[in-house]
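Just below is one structure, and these are the notes that go with it.
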Amino acid sequence: MARVSQEHLDARRRQILDGAARLFARNGFHATSMQDVLKEVDLSAGAVYRYFSGKDDLIAAIVKEVLGEIRAAFADVTRQSPPPPPDLLVGLVLRRTLRVWASLRAEGDSLFPRLIMQVWAETVRNDELAAILTDVYVELRENWVLAVEAYQEAGMMRSDVPAEHVARTMIATVQGFIAQQALFGGAPVEVLQDGLRGLMSMPDERQGA
């Protein structure tokens, strides 16, 4: 029997993950059955179960990959000293994450944010996934704090505001933008970048008081 290459195995796993992610984004994790997944990816049960033991295993794999990619993207971007300005940094991270889930983008910009919303909701009921989300959030916050401190040291950002406060606000801004896309329709990343740029340009009237 011919040996299946690792490249083929990886491509098949990617096919299953992408198909399942599309369904989960459209219908939610719990309204999607394994039969739905088999039909979406056009594979036999044996082919799919070779990679994933069931729907919970698929959900866990997607959650871990989404959060892992966000973590990796942010870590890569913030290695620069100083990092790119906040508006550029956020855009770079979001675009890199979207590239991983190209099949969702092909169906409309709103599917990836809807998948993220499903991920957040799933962590409420699943302690293992909640722990992963918490770890990613803590790491992102720490990385953002380092980025803000680098901005402050470079004179790019005022230094009298605690770096952690800025970090939490930036994370909340990105989360809110994703929620808006999921609930009200897609918008290009440039919208968030322009908004951040506009906010950063506001003078502090209190300084003259």
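For reference, positions follow the sequence shown, starting with 1.
With a 4.5 Å cut-off on side-chain heavy atoms, Glu128 and Lys64 count as touching. Proximity of Glu139 to Asp135: side-chain heavy atoms (C-beta onward) are nowhere separated by under 4.5 Å. Two residues are said to be in side-chain contact when any heavy atoms from C-beta on lie closer than 4.5 Å; Met170 and Leu89 fail this criterion. The side-chain heavy atoms of Thr32 and Arg26, taken from C-beta on, include no pair separated by under 4.5 Å. The shortest side-chain heavy-atom distance between Glu190 and Gln193 falls under the 4.5 Å cut-off. Proximity of His165 to Val148: side-chain heavy atoms (C-beta onward) are nowhere separated by under 4.5 Å. The shortest distance between side-chain heavy atoms of Leu17 and Tyr51 does not fall below 4.5 Å. Side-chain contact check for Trp144 versus Val166: every heavy-atom pair is 4.5 Å or farther apart.
Applying the salt bridge (charged side-chain N to carboxylate O under 4.0 Å, His left out) test to pairs two or more places apart or on separate chains, none has a residue in residues 173-185. Pairs passing the side chain to side chain donor-acceptor pair (under 3.5 Å) check and including a residue from residues 166-176, sequence neighbours excluded, read Tyr137-Arg168, Glu164-Arg168. Pairs passing the salt bridge (charged side-chain N to carboxylate O under 4.0 Å, His left out) check and including a residue from residues 44-62, sequence neighbours excluded, read Asp56-Arg125.
For the pair Glu149 (side chain) and Ala163 (backbone), a donor-acceptor distance under 3.5 Å is absent. When atom types are taken as modelled, the side chain of Gln152 and the backbone of Val161 share a donor-acceptor pair closer than 3.5 angstrom.
Contact check on Asp194 versus Arg197 returns a salt bridge, with a Lys/Arg side-chain nitrogen under 4.0 Å from an Asp/Glu carboxylate oxygen.
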